[in-house]
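These notes are about the structure you will find just below.
None of the values given here were measured: they were computed from a predicted structure.
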Amino acid sequence: MDRDEYIRSFEERAPQNRPPQRYRKRKVNKKKLYAKRALMILCMLLILASVIGVFACTCNSCVNNCTGGGAASGSKPSQGGNPQGGTATEPQTTAPIEDPNKVTIQKYNVKDDGKDAVYLSDTVYLYNDQGYNIFGAGEAGAKHYAQVVSSIAESLGSGVNVYAMVVPNHAEFGLPQRIIDDLGCTSQADNIQCIYDNMSDSIIKINAYNAIADHIGEYVYFGTDHHWTGLGAYYGYTAFCEKAKIKAVDINALTKNSIEDFRGTLYTQTLSSVLYNNPDRVDYYELPMETYAYMREKPESEMMLTDVYYAGAAPGSLTYGVFCWGDVVEFIIHSDVGTGKKIALIKDSYGNALAPYLAANYDEVHVIDFRHWDKGNLKGYLEENGIKDVLFVNNTMSANTPQQVDAMKEILN
């Protein structure tokens, strides 16, 4: 029951013969009641107006803060206040946006068994019955390689996807830090990081280093030769596929072939009896799709139809030549994979073992050894053949050898 109803009910209950004075007194009290009610409503309106005023000032301050307003030009903020005006608040922070093209090389630490390395030649040492090419390049060579690849990528234009893969050699995963320091060697992880950090942002960098490091203990490097094995190259290929956003062929679906008694470059340079008594095995993997290749072995040679692998490679010092027939002038792999895509692989000899895997994702793989290139301007060659992807593959030794890098630069001419 509200107040008016209560008053009406009260009047109904009151005796009809009540004295007039009492009635008049009730009327006076009722007027006072209405006056009190009006006063209370007025107070409430005043309070509401004050609240609205404070709220409006607060909103105006927020707007000024958001739009860069605040104190008048030339005025100084009060001590401890917000320079933009209004109430001081904690600064808002946002998580930094991660560069998807950024590559961070995680250095691999080799377990030290306390043994010493044995000198075989100026650049080759023996450790645990395996040969190692020592590495000693610094930032100058790394930055030079990065600059050359960046300039080539720029010349190709934005319509070509350029990838870069720098591959460490066996010493990075086989020699403990103690020996690295004793021999005055430098970190290949740091060198590759320097290369990638100084390359153009348009180039997509491939972290083959850690892809290989994840499989140390498997047969990823030879012990008598300076190359990676077919398995090591496969892991480099998977790192490329991850960045290129394509599916890598499963190595378990490939047919494995092997050639025994391989004694490679580290043996032929030193004729070490230890290396001779610990020969390597060359494994190569045939793809499940139909492939063939056109090869021009020498500048004066004609193009000839051949297999992707030189299965006739004999045991001995040249067995690594099973991959794409070695370092030839021109080698183009054709595949019936049916993706409609083509890629140019600009490489040193490390690229030979990787190239066949690319045929699982590309209809054509144009293998370009920049040391023997004689087809003229690279950009024109790509346009003529409809190639939209380019992959640079070099090991750290090649990437830091000025003569090699300058030779690669010539493919622009």
Side-chain angles (χ1 to χ4, degrees), residues 95-106 146 149-150 152-168 192-193 195-215 220 228 230-254 285 287-291 308 332-347 350-368 378-379 381-383 385-394 399:
I97 299 175
E98 185 178 350
D99 182 1
N101 197 24
K102 173 69 175 177
V103 171
T104 301
I105 307 298
Q106 301 294 331
V149 176
S150 296
I152 295 174
E154 183 180 0
S155 74
L156 299 179
S158 59
V160 176
N161 303 310
V162 179
Y163 303 84
M165 180 190 300
V166 181
V167 186
I192 297 172
Q193 188 70 66
I195 290 174
Y196 288 165
D197 288 347
N198 285 278
M199 272 186 176
S200 167
D201 292 339
S202 66
I203 297 174
I204 304 169
K205 294 88 176 175
I206 311 301
N207 187 358
Y209 183 105
N210 289 117
I212 298 169
D214 290 342
H215 297 276
V220 291
W228 55 2
L231 182 60
Y234 172 77
Y235 292 129
Y237 156 76
T238 61
F240 165 75
C241 289
E242 181 179 354
K243 280 288 188 174
K245 295 180 173 55
I246 56 179
K247 184 178 180 180
V249 64
D250 184 356
I251 198 168
N252 295 314
L254 310 184
Y285 300 82
L287 297 174
M289 60 280 301
E290 291 292 327
T291 59
V308 174
I332 305 173
I333 302 174
H334 292 260
S335 167
D336 68 352
V337 67
T339 62
K341 300 194 300 180
K342 303 177 183 179
I343 188 171
L345 173 63
I346 301 174
K347 57 85 190 178
Y350 267 58
N352 298 349
L354 184 144
Y357 299 116
L358 295 173
N361 307 95
Y362 291 89
D363 293 353
E364 293 182 15
V365 181
H366 293 243
V367 183
I368 298 174
L378 177 62
K379 182 177 182 180
Y381 181 85
L382 299 181
E383 292 174 349
N385 290 277
I387 299 172
K388 298 297 184 181
D389 290 347
V390 173
L391 170 61
F392 288 85
V393 174
N394 288 282

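- For the atom pair Ile152 CD1 and Ile203 CD1, the distance stands at 8.5 Å (nearest 0.5 Å).
- Seen from the ring of Tyr362, Lys341 counts as a face-on cation partner, given the 6.0 Å and 45° thresholds.
- Contact detail for Asp250 and Leu254: the closest heavy-atom pair is O-CG, 3.6 Å.
- Relative ring orientation between Tyr285 and Tyr357 is described as tilted, the plane-to-plane angle lying within the 30° to 60° band.
- Checked by atom type and distance alone, the side chain of Lys342 pairs as donor or acceptor with a backbone atom of Asn385 at under 3.5 Å.
- The OH atom of Tyr237 sits 8.5 Å away from atom CZ of Phe240, with the distance rounded to the nearest 0.5 Å.
- The side-chain heavy atoms of Ile192 and Pro168, taken from C-beta on, include a pair separated by under 4.5 Å.
- For the pair Ile251/Thr238, no side-chain contact is recorded, criterion being any heavy-atom separation below 4.5 Å from C-beta on.
- Between Gly232 and Ile212, the closest heavy-atom pair is O-CG1, 4.4 Å.
- A distance-only check finds a donor-acceptor pair linking the side chain of Asp336 to the backbone of Glu290 [under 3.5 Å].
- Put simply, the side chain of Asn394 never gets that close to the backbone of Val166: no donor and acceptor are under 3.5 Å apart.
- One finds the OH atom of Tyr196 at 7.0 Å from the CD1 atom of Ile206 (value rounded to the nearest 0.5 Å).
- You'll find the side chain of Val308 stays beyond 4.5 Å of the side chain of Leu287, heavy atoms only.
- Here the shortest heavy-atom pairing between Gly236 and Ala208 reads CA-CB, 4.4 Å.
- Side-chain atoms of Ile332 and Val367, non-hydrogen and from C-beta on, never get closer than 4.5 Å to each other.
- Using modelled atom types, one side-chain atom of Ser335 and one backbone atom of Ala359 make a donor-acceptor pair closer than 3.5 Å.
- Judged purely by atom type and a 3.5 angstrom limit, Gln193 uses its side chain to pair as donor or acceptor with the backbone of Ile105.
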Exercise. Would you please test Asp197 and Lys102 for side-chain contact (heavy atoms from CB on, under 4.5 Å) and show each step?
Key: CA-CA 8 Å; Asp197 288 347; Lys102 173 69 175 177; 3.0 Å; yes

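- For the pair Met165/Tyr350, no side-chain contact is recorded, criterion being any heavy-atom separation below 4.5 Å from C-beta on.
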Quiz prompt | Evaluation steps, side-chain contact (heavy atoms from CB on, under 4.5 Å), between Leu345 and Val393 | solution = CA-CA 7 Å; Leu345 173 63; Val393 174; 3.6 Å; yes

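- You'll find the side chain of Leu354 reaches within 4.5 Å of the side chain of Leu391, heavy atoms only.
- Counting heavy atoms from C-beta outward, Ile368 and Tyr381 have side chains that approach closer than 4.5 Å.
- With no hydrogens or angles considered, a side-chain donor-acceptor pair links Lys347 and Asn352 at under 3.5 Å.
- Put simply, CD on Glu242 and NZ on Lys247 are 15.0 Å apart, with the number rounded to the nearest 0.5 Å.
- The backbone N or O of Ala248 sits nowhere less than 3.5 Å from a side-chain atom of Asn361 that would complete a donor-acceptor pair.
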